[in-house]
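Worksheet for the structure shown next.
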Amino acid sequence: MALITYRQALKDAFSEEIERDENVFIMGEEVAQYNGAYKVTEGLWDKYGDKRLVDAPISEAGFIGLGIGAAMMGLRPVIEMMFFSFVYVAWDQAVNNASSLRYMSGGLMNVPLVIRGPANGGTNVGATHSHTPENLVANFPGLKCVVPATAADAKGLMKSSIRDNDPVFFMESTLLYGEESEVPEDPDFLIPLGKADVKREGTDLSIIAHGRSVLMALAAAKELKKKHNIDAEVVDLRSIRPLDEETIIKSVKKTNRALLVEENKPYCGIGSQVSHLIQRRAFDYLDAPVHRLSAVDAPAIYSPPLEKVQLPEAKVIVREALDMFNIKA
Amino acid sequence: MSTKTAKKKTAAKSAAKKSSGSAKKSAPAKKAAAKKADAPDLRRYADAPVNKAMSKSDKIRAFVDMVRIRKFEQAALQSYQKGKMGGFLHLYIGQEATAVGTCALLGDHDHIITAYRDHGHALAVGMTMNECMAELYGKYTGCSKGKGGSMHFFAPEKRYWGGHGIVGGQTPLGLGIAYALKYKGLKGSCLCFLGDGAVNQGPFHESLNLAGLWDLPIIYVIENNRYSMGTSQDRSSVYPEGGLAQRAEAYRIDWTTAHGENLYDVRAKTSEAIERAHEKSRPTVLEIATYRYYGHSIADANHQKYRTKEEILEYQRNRDPIMVWQRILEEEGVLTADEAKEIENKARDEAKDSIRFADESPFPPESEILTDVYHSVDNPGSHTNQGKIFFNDRLPWE
């Protein structure tokens with residue numbers, strides 16, 4: 001185990017997979033010579049050269065489509081979105097083509113492609129750059145979607161995603177790139193897609209989250225224990241599609257309360273699906289209605305102090321949890 | 001040249017222009033009334049090396065292939081009108097020399113991908129009438145098990161990558177195929193077909209830029225049938241003097257044009273483009289002037305309103321690719337009228353058989369709705385995935 005950043009963990013995953021499989025290459029805007037806008041690929045071009053690290057022009061529909069075509073031919077492209085929000089200009093390629101080709105060919109082909117990059121708000125770059133499209137992507141059968149919260153998960157899930165034979169949308173966060181955690185050094189350290197992780201054991205309440213909200217949930221759980229003696233369990237979904245329903249249900253059956261937290265918007269967000277699942281499979285175990293916290297339901301605001309408020313912070317999670325126990329904050 | 005003059009130009013006349021010296025000098029464009037196209041020059045490019053190398057059986061094979069496409073589609077049209085199939089049916093009738101002229105030149109590392117008017121290319125690469133007709137019928141024996149339909153035929157083992165429904169959406173995919181060939185160090189190419197209606201889509205321009213920038217062995221074949229759905233070219237595209245293909249100049253890509261009714265011409269230009277891809281790893285834009293006799297799809301009831309009956313008749317009488325090729329072969333003494341008739345009858349029977357095959361084939365079982373969505377689901381044990389991936393609480397057949 002080594003204590004490394006989320007950014008370093010991703011970089012290690014790329015190095016290992018590039019060395020392991022000659023068909024793996026990384027393409028995107030400024031990923032090679034410039035070392036990546038967020039330095040996630042820093043040093044890799046020096047090490048692996050032009051063939052494996054490819055600087056593409058600002059032309060997302062062109063190079064995502066190229067990635068799909070190359071994947072059909074057996075390559076394993078890892079396509080970086082400088083911001084995940086930029087995938088919208090390539091929506092027909094990324095979503096319509098990537099999700100449908102295997103199906104429409106009756107299984108004659110598959111698309112082993114990773115589209116990755118930061119998908120988060122909270123950095124004061126305005127609404128167009130702050131999208132969290134995991135709910136949109138997860139709505140398309142044929143696509144997979146993962147949202148790791150920690151360095152270890154980022155590495156294990158990235159390696160699995162690159163080795164996966166289906167298109168995987170891998171959503172990172174610029175606010176997590178500098179976060180450190182213990183990461184196994186085993187070159188075959190893989191975390192399966194579709195496996196949630198209980199990041200904190202608890203008995204009184206299940207806080208179910210993904211991405212950066214997991215860190216907020218952990219901070220909230222600490223506060224709840226310290227100040228109110230409420231023992232919250234934090235379930236990190238890690239993977240949105242496939243989804244680990246069993247871990248969710250097991251946790252809710254244990255704690256009898258579920259609070260769903262995400263930085264996505266509320267309408268048709270991930271929490272909608274998870275909430276449906278809980279009422280469907282754990283209805284009789286619930287001691288309170290399922291509660292949801294999401295980003296405040298407006299386009300991402302620029303103004304720095306207000307954007308902080310727009311996303312679910314730890315103190316708002318604490319308040320919502322207390323509400324579920326009829327305690328006034 | 002003024003816009004007005006440009007508007008009067010027909011695609012066929014413009015096709016006489018050529019690019020930076022790669023093609024032989026073609027017949028000069030003649031001034032003629034807009035409605036009357038030039039009479040086809042039967043010997044055009046007959047002496048090109050790729051055509052001189054054709055054996056008698058190669059020539060007959062090309063005739064057979066074109067006739068088979070036409071008979072297949074005529075049979076499909078009848079079935080469509082009887083309500084045997086759903087959705088759209090975009091017929092290729094009138095354009096056959098393009099698919100047959102290009103696909104016959106493909107080697108082991110040459111791939112093709114096309115748009116939704118894809119039946120002709122499918123048969124030209126060797127897919128069977130049975131699997132194609134069954135796909136139109138939505139049957140389990142179809143090339144995509146009934147999951148793709150008319151616009152989405154695939155045969156990757158024949159290096160045929162579809163069959164794509166969104167206009168221009170296949171152009172970056174074709175680029176990726178070419179990219180993979182180069183990445184793997186293979187001497188090959190990708191022929192990516194598109195219609196004249198696709199040339200204004202953004203991804204096509206992005207693809208041209210990347211192809212020019214990265215020296216990719218891609219050949220964009222614009223099948224210019226003059227109408228993007230019901231909108232004529234004059235009303236949809238800025239048209240350079242040399243044709244839509246000339247837009248390639250902006251991306252420093254070689255371009256050329258061909259007369260789509262003449263198989264020799266199609267082959268000559270395609271062969272040059274393939275050689276450029278193989279030897280120089282450079283792209284080409286090849287515009288082929290052609291015409292569809294039916295509407296954009298069979299649902300297009302207005303196709304005789306946005307163009308004149310005379311215009312359609314002019315192509316059918318004077319520029320039909322099968323008729324032109326038959327005339328060439330008869331003049332060369334390769335084929336007699338009787339032999340041609342026999343070939344037609346055989347193709348008609350084959351098409352009829354494919355109708356029977358499709359009629360008698362079963363629909364896919366309901367459970368097939370959920371297969372071929374994910375490779376990992378279809379191949380358990382090949383991956384580390386866990387968890388739930390389909391989200392219906394209950395399936396209709398459970």
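As a basis for the values below, the full set of heavy atoms in this structure was taken, side chains included, without hydrogen atoms, waters or symmetry mates. Throughout, a chain's letter reflects where its sequence line sits, starting with A, and its residues are numbered from 1.
- For the pair P172(B) and I68(A), the minimum side-chain heavy-atom distance is 4.5 Å or more.
- Of the two parts of C143(B), only the backbone, made up of N, CA, C and O, holds a non-hydrogen atom closer than 4.5 Å to a non-hydrogen atom of chain A.
- A distance of 7.0 Å separates CD in Q386(B) from CG in D244(A), rounded to the nearest 0.5 Å.
- To the nearest 0.5 Å, atom CG of residue D393(B) and atom CZ of residue R280(A) are 4.0 Å apart.
- No more than 12 heavy-atom neighbours from other residues, nucleotides or ligands sit within 6.0 angstrom of NZ on K280(B).
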Self-check item: Verdict with reasoning, L101(A) to H152(B), per side chain to side chain contact (heavy atoms under 4.5 Å, CB included)
Solution: CA-CA 9 Å; L101(A) 290 175; H152(B) 309 113; over 6 Å; no

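- None of R52(A), K51(A), E22(A) except one satisfies the side chain to side chain donor-acceptor pair (under 3.5 Å) rule with Y183(B); the exception is R52(A).
- Heavy-atom distances place the side chain of I166(B), and not its backbone, under 4.5 Å from chain A.
- Looking only at side-chain heavy atoms (C-beta outward), L243(A) and F391(B) come within less than 4.5 Å of each other.
- Considering CG of N209(B) and OG of S59(A), their distance stands at 6.0 Å, rounded to 0.5 Å.
- Neither the backbone nor the side chain of I64(A) comes within less than 4.5 Å of any heavy atom of chain B.
- Within the 4.5 angstrom heavy-atom criterion, no atom of H205(B) approaches chain A.
- A 6.0 Å sphere centred on CD1 of I58(A) holds no more than 12 heavy atoms belonging to other residues, nucleotides or ligands.
- Salt bridge status for D378(B) with R102(A): present, with a side-chain N to carboxylate O gap under 4.0 Å.
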Practice problem: List the steps and the verdict of side chain to side chain contact (heavy atoms under 4.5 Å, CB included) for I389(B) and R241(A). | Solution: CA-CA 6 Å; I389(B) 202 152; R241(A) 186 170 188 152; 4.2 Å; yes

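- Both the backbone and the side chain of F390(B) have a heavy atom closer than 4.5 Å to some heavy atom of chain A.
- Of the N and O atoms on the side chains of K144(A) and N385(B), at least one donor lies less than 3.5 Å from an acceptor on the other residue.
- In this structure, the portion of L75(A) lying under 4.5 Å from any heavy atom of chain B is its side chain and not its backbone.
- Only the backbone of E368(B) has a heavy atom closer than 4.5 Å to any heavy atom of chain A.
- Options G169(B), G146(B), P364(B), G202(B) differ in how many heavy-atom pairs under 4.5 Å they form with chain A, and the most are formed by G169(B).
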Quiz prompt | Audit row: Y179(B), F63(A), ring-ring contact (aromatic ring centres under 6.0 Å, His included) steps and yes/no | solution = CA-CA 10 Å; Y179(B) 190 89; F63(A) 66 78; over 10 Å; no

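- Of the options D166(A), D164(A), N165(A), a side chain to side chain contact (heavy atoms under 4.5 Å, CB included) to Y374(B) is made by D166(A) and by none of the others.
- Neither the backbone nor the side chain of A138(A) comes within less than 4.5 Å of any heavy atom in chain B.
- Among the candidates V377(B), I113(B), L213(B), I369(B), the residue making the largest number of heavy-atom pairs closer than 4.5 Å to chain A is I369(B).
- Using non-hydrogen atoms only and a strict 4.5 Å limit, the part of residues 154-163 of chain A facing chain B consists of S160(A).
- Only the side chain of Q273(A) comes within contact range of chain B, judged by heavy atoms closer than 4.5 Å.
- Ranked by heavy-atom pairs shorter than 4.5 Å toward chain B, the options E60(A), E246(A), H276(A), R281(A) are led by H276(A).
- Between chain A and the options L175(B), L181(B), V373(B), the largest number of non-hydrogen pairs under 4.5 Å is found for V373(B).
- Side-chain contact between D92(A) and P203(B) is absent, with no heavy-atom pair separated by less than 4.5 Å.
- Interface remark: of the candidates G194(A), S239(A), A196(A), G194(A) forms the most heavy-atom pairs closer than 4.5 Å to chain B.
- Looking at Q93(A), only its side chain comes within 4.5 Å of chain B, counting heavy atoms on both sides.
- Other residues, nucleotides and ligands contribute only 12 or fewer heavy atoms inside 6.0 Å of the CE atom of M229(B).
- Among G142(B), G148(B), G162(B), the residue with the largest count of heavy-atom pairs under 4.5 Å with chain A is G148(B).
- Contacts between residues 103-111 of chain A and chain B, counted as heavy-atom pairs separated by less than 4.5 Å, involve Y103(A), M104(A), S105(A), G106(A), G107(A), L108(A), M109(A), N110(A).
- Counting heavy-atom pairs closer than 4.5 Å to chain A, the top-ranked of the candidates K388(B), K145(B), K147(B) is K388(B).
- Rounded to the nearest 0.5 Å, atoms CG (L66(A)) and OG (S207(B)) are 8.0 Å apart.
- Proximity to chain A (any heavy atom under 4.5 Å) is shown, for T171(B), by neither the backbone nor the side chain.
- Comparing V89(A), L143(A), V54(A), N96(A) by heavy-atom pairs within less than 4.5 Å of chain B, the highest count is held by L143(A).
- Heavy atoms of other residues, nucleotides or ligands lying less than 6.0 angstrom from OH of Y285(A) number 12 at most.
- Annotation for F88(B): atom CZ does not count as buried by contact number, only 12 or fewer foreign heavy atoms lying within 6.0 Å.
- Checked by atom type and distance alone, the side chain of K184(B) pairs as donor or acceptor with a backbone atom of M73(A) at under 3.5 Å.
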